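Owing to the predicted nature of the structure, the values given are computational and were not obtained by experimental measurement. No hydrogens, no waters, no symmetry mates; every other heavy atom, side chains included, goes into these values.
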Amino acid sequence: MTKTKAEKPALTEEEKKLAERKKNLRKARFNRYKAWLYLSPAIILLLIFTVWPIFNTIRLSLLTDFNYLGELRGKTFEFGFDNFVNVAQYSGFLTCLGNTMLLTVITVPVSTMLALIVAVALNSIKFLKRAFQTIFFLPYVTNAIAIGMVFMTMFQMIGDAPNYSSIGIINTIIEAFGGTRINWVNPGSNYWANIAVLAIYIVWNALPFKILVLLGGLQGVNKQYYEAAKVDGASRMRIFWRITVPMLSPMIAYVVITGFIGGFKEYSSIVGIFGDEMGPVGAPRSLNTMVGFIYASITENNQGRASAAALILFAIIFVVTMINLYVSKKKVHY
Amino acid sequence: MKVVLEHLTKIFPSRNKKDAGAEVIAVNDFNLEIPDGKLIGLLGPSGCGKSTTLFMISGLQAPSRGKIYFGDDDVTELAPENRGIGLVFQNYALYPHMTVQQNILFPLQNLKGENRLSKEEMLTRADEVAKLVQIDEFMNRKPSELSGGQQQRVAIARALVKMPRVLLLDEPLSNLDARLRLQTREEIRRIQRNTGITTIFVTHDQEEAMSISDYIVVMKLGVIMQTGKPQWVYDDPANLFVAKFLGTPPINTFSGTVRGGKLYIGEEAVMDVPGAEDQEVYVGIRPEGFILDENGGLSCNVSGVDVMGRDISVVSTNANSLNPVVRSIISSGEMKNIPSDTVRFSLKENKVFIFNKETEARVYFGGQVAMHEQMVAEMKAEGQAYTTHEGPLPREADDNDKPVHVAKQEGFFAKVKGIFKKKSKEEAPAQSSGEEAPAAPEEAQKNNQSEE
């Protein structure tokens, strides 16, 4: 309620009060819209890029044989669940679903456990702590496709079988220890070898973020709990399981939930290692995932099938997240 | 279990690598014998090293020098879990994700080998100790569902459940509100009496220490100032610091002079001090040491009267007082005798302490000499060595200007770091640290020797 200095002296007290009141009223009205004004950039962007696509995806998934060109020409489409049936019957769908599930189920627990161990280790050293933190954080700031290509060269054998000019660093190491080389990614490679390479890549790629979150959580744990446990004579393993893990449980839950969500959206790692054929040479699409399926449907100009698959993926993620939340409600101590 | 600390010293290395001399001596040559089954209060202002001492006894911090004995066992090198101690942290450190019962069971579940207990035994032990601290009805609650006092008792139960040889409590009452504090300190006393476990607790609250301890140890800047029964230490402080630190309301301090067997505050001869040599002194007078007396030697200007029910406190000022006001507690019956302008007091001999101005060590006079000797003899009879600080007192930057209970930590660090030394050379060379005052140790020792 600041008074303007340029008020005319001719006004009486009464008039001044009236003018003041009017001004306040105007101000209040403006204030009410001011909030919306400041929120509008975010709201407009959200409406265009989040709310409308979600709505549109639901709409498209329910329209049979939809195409944008037809819509522009004013064609009407039949309403129904044909797209969902189409997705379920599509030959590659079950492979995609299986691959996605498999990779998620392998990589989320493994990467979480590894991240927990690394975080606890990092938290307990002083010497070279920063250096190790940087090393473990590097994958986070590196391009996924670039990492994929590096992994490819690590596992790939170059040249004509059986006289390869290079067998890749991993096989070199295996042979140095007296093992036999494995065809990881070359044509004719085993499906499980492919999955192993992918799992290693995904775990390695997922570690830094998880380590970061868990390390942050660890540093927030009151040191007195550890001192108390030490006085009470608890062993290191017991301290880890009975104190560290429960104390970190909110962070662990967060990391697991985001890990599952990210796992179900796995796509770039396969492109990074096997290219957009989504499989080793000779077996295209054998490693395809749900997101790959959706992407392929769009490139085939079948928006209906893509939308339906996206909704199915959403439903799966939703259910898994609900299960996660239910479990964490019982196990997580906040 | 008797606990003996020999030459215990803790030096924290300098954090700044460039300044290697900037180490902090938290505990300095600490010698103490704690008799079996007693409750000992380590008392001192913040930063005096009392918690560090406790953590060294617990084994969580390793001493830089010195030995720790439990009974006849040297436990200096022993890990905390092998010492047989129970430790209660200031913030209790109860595991928030476990119930009260799980918290109490935790130390038992860690026992290995022949000490291992069966599940039933564990539960019985937990129940027993829970009953002892009166939390048996909350066994299935989480710590967050308990009040502060209840949490405190759970922490004590957790420390007691493995039957420790020594119980250590770090500021056990500081997180409780005033009423609960009173209640809980009685509780701690009761539990200690019932179990008979040697208990050492740390506090900065002199009232707390006085009320429940068998013995108190007053510390300052890592050095023992005085040990003894609370009442003795209160009645017979060894130096100005101890006198100022104990007692509420705090002791009134004046600067004065001893001349020809008489004590002068300003130009007024306030009392006879037979046996004291002529010297500049600090005079400490307990609030209860004043007697309203028209012919009394000490005159003060009355600025107000605080009524406290049974007693009244006369607030007055005196030009030679080192405190802003002089507080004297007199019986409320004498209210009507208080003049409105200048009040005159005579003093009770055993409530007036004089301290040498340079060493701040006690100067005994008249009947106090015999009283002191009697107390030292009584302590020895109880098997407790009478310890006072000898030699120069550790000093803070501006020790005399600040009330003791808000001891300045920066001053302490500055002193030890030697930064203060540089500064003092430029600004106030007279106020340098203890090591640079060569005259002080001899005088302090002389004082101590002459009384013994």
Side-chain angles (χ1 to χ4, degrees), chain A residues 112-113 116 119-120 123-131 213-257 324-334, chain B residues 51 54-55 57-62 78-99 102-113 115-117 142-145 151 154-171 175:
Chain A
T112 306
M113 267 316 291
L116 192 56
V120 170
N123 197 40
S124 59
I125 60 167
K126 279 210 177 88
F127 184 64
L128 287 180
K129 185 176 182 166
R130 297 257 162 187
V213 171
L214 295 177
L215 197 59
L218 270 178
Q219 276 158 2
V221 176
N222 192 339
K223 290 220 166 29
Q224 283 204 335
Y225 294 124
Y226 292 108
E227 290 184 340
K230 220 160 133 195
V231 170
D232 289 341
S235 63
R236 276 167 162 265
M237 277 315 269
R238 239 177 102 72
I239 290 178
F240 180 78
W241 285 112
R242 291 289 306 267
I243 294 169
T244 306
V245 170
M247 287 290 180
L248 278 185
S249 55
M251 279 80 197
I252 295 174
Y254 172 73
V255 158
V256 168
I257 291 170
N324 271 328
L325 287 176
Y326 178 77
V327 173
S328 63
K329 213 178 229 172
K330 294 197 157 178
K331 293 276 176 195
V332 171
H333 155 78
Y334 287 101
Chain B
S51 286
L54 194 82
F55 285 133
I57 299 173
S58 76
L60 286 174
Q61 281 178 6
L78 232 53
E81 64 266 28
N82 299 328
R83 291 192 181 196
I85 49 149
L87 178 58
V88 176
F89 288 88
Q90 187 170 359
N91 306 317
Y92 317 140
L94 296 175
Y95 310 121
H97 53 280
M98 300 184 197
T99 63
Q102 287 167 330
N103 263 290
I104 297 175
L105 285 174
F106 189 78
L108 293 181
Q109 289 160 346
N110 293 326
L111 295 175
K112 281 182 214 109
N115 297 327
R116 233 191 132 74
L117 299 173
K142 292 262 175 79
S144 56
E145 295 159 352
Q151 288 183 21
V154 176
I156 294 176
R158 189 179 66 183
L160 284 176
V161 72
K162 52 183 178 173
M163 300 183 183
R165 302 195 281 179
V166 180
L167 180 64
L168 306 169
L169 305 156
D170 183 19
E171 300 262 4
N175 283 353

What are the sub-3.5 Å donor-acceptor pairs between chain A and chain B, distances to 0.1 Å?
from, atom 1, to, atom 2, distance (Å)
Ala229(A), N, Tyr95(B), OH, 3.2
Val231(A), O, Lys162(B), NZ, 2.8
Asp232(A), O, Asn110(B), ND2, 3.1
Arg238(A), NE, Asn110(B), OD1, 2.3
Arg238(A), NH2, Gln109(B), OE1, 3.1
Arg242(A), O, His97(B), NE2, 2.6
Arg242(A), NH1, Gln109(B), OE1, 3.3

Would you name the heavy atoms of Leu214(A) and Ala119(A) that are closest together and state the gap between them? CB-CB, 3.9 Å
Is the shortest heavy-atom distance from the side chain of Met98(B) to the side chain of Leu105(B) under 4.5 Å? no
Do Phe106(B) and Val161(B) make a side-chain contact, defined as non-hydrogen atoms from C-beta onward lying under 4.5 Å apart? no
Contact part of Leu60(B) toward chain A, heavy-atom cut-off under 4.5 Å: side chain, backbone, both or neither? side chain
For side-chain contact (heavy atoms from CB on, under 4.5 Å), just list the numbers for Val256(A) and Ile252(A), CA-CA rounded to whole Å, side-chain angles, deciding distance to a tenth of an Å, and then say yes or no. CA-CA 6 Å; Val256(A) 168; Ile252(A) 295 174; 4.2 Å; yes
Quick check on Leu108(B) against chain A: is it the side chain, the backbone, both or neither that has a heavy atom closer than 4.5 Å? neither
Atom pair CG/CD1 of Leu168(B) and Ile57(B) - distance to nearest 0.5 Å: 6.0 Å
Under 4.5 Å from any heavy atom of chain A, what part of Pro96(B) do you find: side chain, backbone, both or neither? both
Could you go through Leu215(A) and Val120(A), starting from their C-alpha distance and side-chain angles, then the distance that decides it, and tell me whether this counts as side-chain contact (heavy atoms from CB on, under 4.5 Å)? CA-CA 7 Å; Leu215(A) 197 59; Val120(A) 170; over 6 Å; no
4.5 Å side-chain heavy-atom contact, Leu116(A) and Val245(A): yes
